[in-house]
Amino acid sequence: AGFWALCLLVGLSGLPAFTGEAGAQTPDPALLASSRLFPVSEPGPAESPEPLEDALVEIRMGRLSATTTPALTDGTRVLLPVGAFLELAEVDFTVDSVGSVHATLYPGQRRLTFDAALGLVHLQGVPVEVDVGELVLAEEELFASTELLGRALDVVVKMDWEDLEVDVINPESLPLGRRVAREARW
């Protein structure tokens with residue numbers, strides 16, 4: 001690994017952004033993008049590239065629980081309020097002053113963070129893939145796409161556009177599903 005790091009430094013040392021020429025203190029993003037050595041996409045604040053419309057959808061956790069909640073849609077996907085989704089799933093969470101959601105998943109006390117300021121999601125410090133427009137802060141509430149919620153919580157989430165229903169197909173791994181299974185054994 002040391003050899004390749006040295007090669008990278010030697011290769012970059014000829015670039016003005018890295019040698020300090022012309023007063024450059026940090027790498028020039030355009031130069032980095034043109035070199036194709038680094039990915040161009042950068043995380044940013046939670047915002048949507050497309051205009052979003054209000055919608056009212058029903059969230060179902062299998063046959064265990066359901067609620068109707070306001071949501072946002074761009075016509076191709078639906079974004080649900082993260083807090084309402086986690087509350088229905090019985091996941092412990094808090095919301096900080098900038099709108100980020102911090103949850104604890106049991107068993108194992110795994111930390112799940114939906115970062116509104118940076119537009120990122122982390123599970124135990126490991127990034128969860130967030131596509132553009134999947135995490136949106138609107139009116140001081142954080143919304144996430146059904147796909148992102150599924151990836152972050154390791155569940156299958158399906159949207160039924162005809163009935164405006166969001167179905168979590170396998171809620172057994174969520175606290176709600178574990179509680180119901182525990183109660184069924186008694």
Side-chain angles (χ1 to χ4, degrees), residues 41-161 163-181:
S41 64
E42 295 180 19
E47 54 189 42
S48 176
E50 300 294 325
L52 297 171
E53 297 179 10
D54 293 333
L56 198 59
V57 299
E58 183 172 29
I59 304 172
R60 295 176 173 269
M61 295 287 171
R63 295 182 182 170
L64 306 179
S65 183
T67 190
T68 302
T69 186
L72 299 174
T73 182
D74 63 4
T76 60
R77 66 175 149 203
V78 66
L79 287 86
L80 302 173
V82 175
F85 189 88
L86 294 176
E87 188 173 328
L88 185 62
E90 298 182 2
V91 173
D92 292 335
F93 71 95
T94 60
V95 179
D96 67 20
S97 62
V98 295
S100 295
V101 177
H102 307 276
T104 303
L105 302 174
Y106 297 98
Q109 294 185 327
R110 295 171 294 144
R111 299 288 304 155
L112 175 63
T113 302
F114 293 85
D115 191 326
L118 297 176
L120 300 173
V121 177
H122 287 91
L123 177 60
Q124 285 295 92
V126 176
V128 175
E129 180 183 346
V130 179
D131 292 332
V132 174
E134 280 195 305
L135 193 61
V136 174
L137 186 62
E139 299 177 19
E140 299 183 14
E141 186 162 17
L142 191 60
F143 291 79
S145 71
T146 54
E147 297 86 2
L148 177 57
L149 289 166
R151 285 192 306 273
L153 295 166
D154 197 26
V155 292
V156 177
V157 184
K158 299 284 184 185
M159 177 65 195
D160 179 354
W161 286 99
D163 295 327
L164 291 177
E165 291 179 351
V166 174
D167 293 312
V168 177
I169 306 300
N170 58 336
E172 299 82 19
S173 65
L174 300 172
L176 169 68
R178 286 195 309 279
R179 179 184 58 79
V180 169

Carefully, step by step, assess F114 and L149 under the rule side-chain contact (heavy atoms from CB on, under 4.5 Å).
-> CA-CA 10 Å; F114 293 85; L149 289 166; 4.0 Å; yes

Is it the case that the side chain of [X] and the backbone of [Y] share a donor-acceptor pair, with hydrogens and angles ignored and the cut-off at 3.5 Å?
| X | Y | result |
| --- | --- | --- |
| D167 | I169 | no |
| D96 | V98 | yes |
| S100 | A116 | yes |

Distance, nearest 0.5 Å, that separates [atom1] of [X] from [atom2] of [Y]:
| X | Y | atom1 | atom2 | value |
| --- | --- | --- | --- | --- |
| T69 | E87 | OG1 | CD | 9.5 Å |
| R77 | L79 | CZ | CG | 6.5 Å |
| E129 | L120 | CD | CG | 12.0 Å |
| E134 | F143 | CD | CZ | 15.0 Å |
| R60 | E165 | CZ | CD | 4.5 Å |
| L174 | L64 | CG | CG | 9.5 Å |

Given L72 and V78, is the side-chain contact (heavy atoms from CB on, under 4.5 Å) satisfied, shown in steps?
-> CA-CA 6 Å; L72 299 174; V78 66; over 6 Å; no

Salt bridge R179-E90, side-chain N to carboxylate O under 4.0 Å |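 Yes, charged N to carboxylate O under 4.0 Å.
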
What's the shortest heavy-atom distance between [X] and [Y], and which atoms?
| X | Y | result |
| --- | --- | --- |
| A152 | V121 | CB-CG1, 4.2 Å |
| V157 | G150 | CG2-CA, 3.9 Å |
| R178 | E172 | CG-O, 3.5 Å |
| G62 | P171 | N-CG, 3.9 Å |
| A71 | V57 | CB-CG2, 3.8 Å |

Evaluate the side-chain contact (heavy atoms from CB on, under 4.5 Å) criterion for residues V82 and V95: first the C-alpha distance (whole Å), next the side-chain angles of each, then the deciding distance (0.1 Å), finally the verdict.
-> CA-CA 10 Å; V82 175; V95 179; over 6 Å; no

Steps toward side-chain contact (heavy atoms from CB on, under 4.5 Å) verdict (T73, W161) | CA-CA 11 Å; T73 182; W161 286 99; 3.3 Å; yes

Is the CG atom of D154 crowded by more than 12 outside heavy atoms at less than 6.0 Å?
-> no

So, H122 versus D115: side-chain donor-acceptor pair below 3.5 Å or not?
-> no

Any luck finding a side-chain donor-acceptor pair between R111 and T104 under 3.5 Å?
-> yes

Can you tell if the side chain of [X] reaches within under 4.5 Å of the side chain of [Y], non-hydrogen atoms only?
| X | Y | value |
| --- | --- | --- |
| L153 | V168 | no |
| L164 | L56 | no |
| Y106 | D92 | yes |
| V155 | S173 | yes |

